[in-house]
Trainee: 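Would you mind keeping the following structure in view while I ask a few things?
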Amino acid sequence: MGFVDRGYKGVTDQPRRYLMAKGSAAASRNLVAARVVYGAAWLACLALYWGGLATGALGGGGIMGYTLLALYVVLPAAGFVSSLLIGRTAYLGRWRVAAAPAIAIFFGLFIKATFGLSNMLGLTNIADDGLFALVLGLVPAAIGLAIGWATARRSVVGSQ
C-alpha cells in the first residue's frame with residue numbers, strides 16, 4: 001500500500017518520513033513564527049513593565065492600564081496566534097496539544113516575573129493572581145489550537 005501525498009496528487013511508495021520532510025519547511029516556518037510572535041510579545045510586555053517602573057511612568061493608574069493592555073489584550077492575542085500557527089502544523093500530530101499548556105505556563109511565569117517580583121522587591125503592592133493566570137493563558141491558546149488544528153492541511157493522509 002502506498003502513501004497519498006496531496007501535493008503529488010497520487011500514491012507513492014516513499015516512506016512516511018520522506019513525505020513529512022517534504023512539508024516540514026513550511027511547518028518549520030510555522031513553529032518559528034509561533035515562537036517569535038509569543039516571545040516578542042512576552043519580552044516587549046516585560047520590558048514595558050520594568051521600564052515603566054524604573055522611569056516612574058507606571059504609577060497607580062498606569063499599572064492598571066498596563067494590566068488591562070498586557071494581560072487581557074496583548075498576551076492572550078499572542079497566545080492565540082501562536083497556538084493557531086502550531087495547530088496548523090499537521091506533522092506534529094497530537095503533540096500539538098502541548099502548546100496550550102506551555103503558553104499558559106509562560107503566561108503565569110510572566111505574571112510572576114512582573115508583579116510577583118516587584119512585590120518581593122517592595123516596589124509595588126499588587127495582589128497575587130493564583131490559578132486564574134493559568135486559566136487566562138490557557139483559554140485563548142486552546143481556542144487558537146482548536147481552530148488551527150481544524151484548518152490544518154494534512155500533507156500525509158493518516159499522519160495523526
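All values reported here derive from a predicted model rather than from experimental measurement.
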Trainee: Hey, could you give me each pair passing salt bridge (charged side-chain N to carboxylate O under 4.0 Å, His left out) that has a residue in residues 51-60? Not counting sequence neighbours.
Mentor: none
Trainee: What residue pairs, at least two apart or across chains, pass side-chain hydrogen bond (donor to acceptor under 3.5 Å, both in side chains) with a residue in residues 39-52?
Mentor: Y49-S118
Trainee: Check the hydrophobic clustering (I, L, V, M, F, W, Y; side-chain heavy atoms under 4.5 Å; chains of links allowed) and say if V36 and L31 are grouped together.
Mentor: no
Trainee: Can you list the other members of the hydrophobic cluster that holds W95, where links are side-chain heavy atoms under 4.5 angstrom apart?
Mentor: none
Trainee: Which residue pairs pass the salt bridge (charged side-chain N to carboxylate O under 4.0 Å, His left out) test when at least one of the two sits in residues 104-118, sequence neighbours left out?
Mentor: K112-D128, K112-D129
Trainee: In Å, rounded to the nearest 0.5 Å, how long is the span from CD1 of I86 to CH2 of W149?
Mentor: 12.0 Å
Trainee: Distance check, rounded to the nearest 0.5 Å: T114 atom OG1 versus L123 atom CG?
Mentor: 12.0 Å
Trainee: To check you understand the geometry: which heavy-atom pair defines the closest contact between A141 and A100, and what is its length?
Mentor: CB-CA, 3.9 Å
Trainee: Look up atom CG in L43 and atom CG in L48, then write down how far apart they are to the nearest 0.5 Å.
Mentor: 12.5 Å
Trainee: What heavy-atom pair brings A34 and S82 nearest, and what distance separates the two atoms?
Mentor: O-OG, 2.9 Å
Trainee: Does CZ in F106 sit with more than 12 non-hydrogen atoms of other residues, nucleotides or ligands closer than 6.0 Å?
Mentor: no
Trainee: Using side-chain heavy atoms (C-beta onward) and a distance below 4.5 Å, is Y38 in contact with F107?
Mentor: yes
Trainee: Enumerate the salt bridge (charged side-chain N to carboxylate O under 4.0 Å, His left out) contacts for residues 54-73, please, sequence neighbours excluded, ordered by first and then second residue.
Mentor: none
Trainee: If only side-chain N and O atoms count, and only distance matters, is there a donor-acceptor pair under 3.5 Å linking T89 with R96?
Mentor: no
Trainee: Who else is in the cluster with L85 when I, L, V, M, F, W and Y are joined by side-chain contacts under 4.5 Å?
Mentor: V37, F80, V81, L84, V135, V139, I143, I147
Trainee: Side-chain atoms of residues 61-77: list all donor-acceptor pairs with protein atoms under 3.5 Å, sequence neighbours left out, distances to 0.1 Å.
Mentor:
from, atom 1, to, atom 2, distance (Å)
Y66, OH, C45, O, 2.7
T67, OG1, I63, O, 2.7

Trainee: State, yes or no, whether a side-chain contact exists between I103 and L138 at a heavy-atom distance under 4.5 Å.
Mentor: no
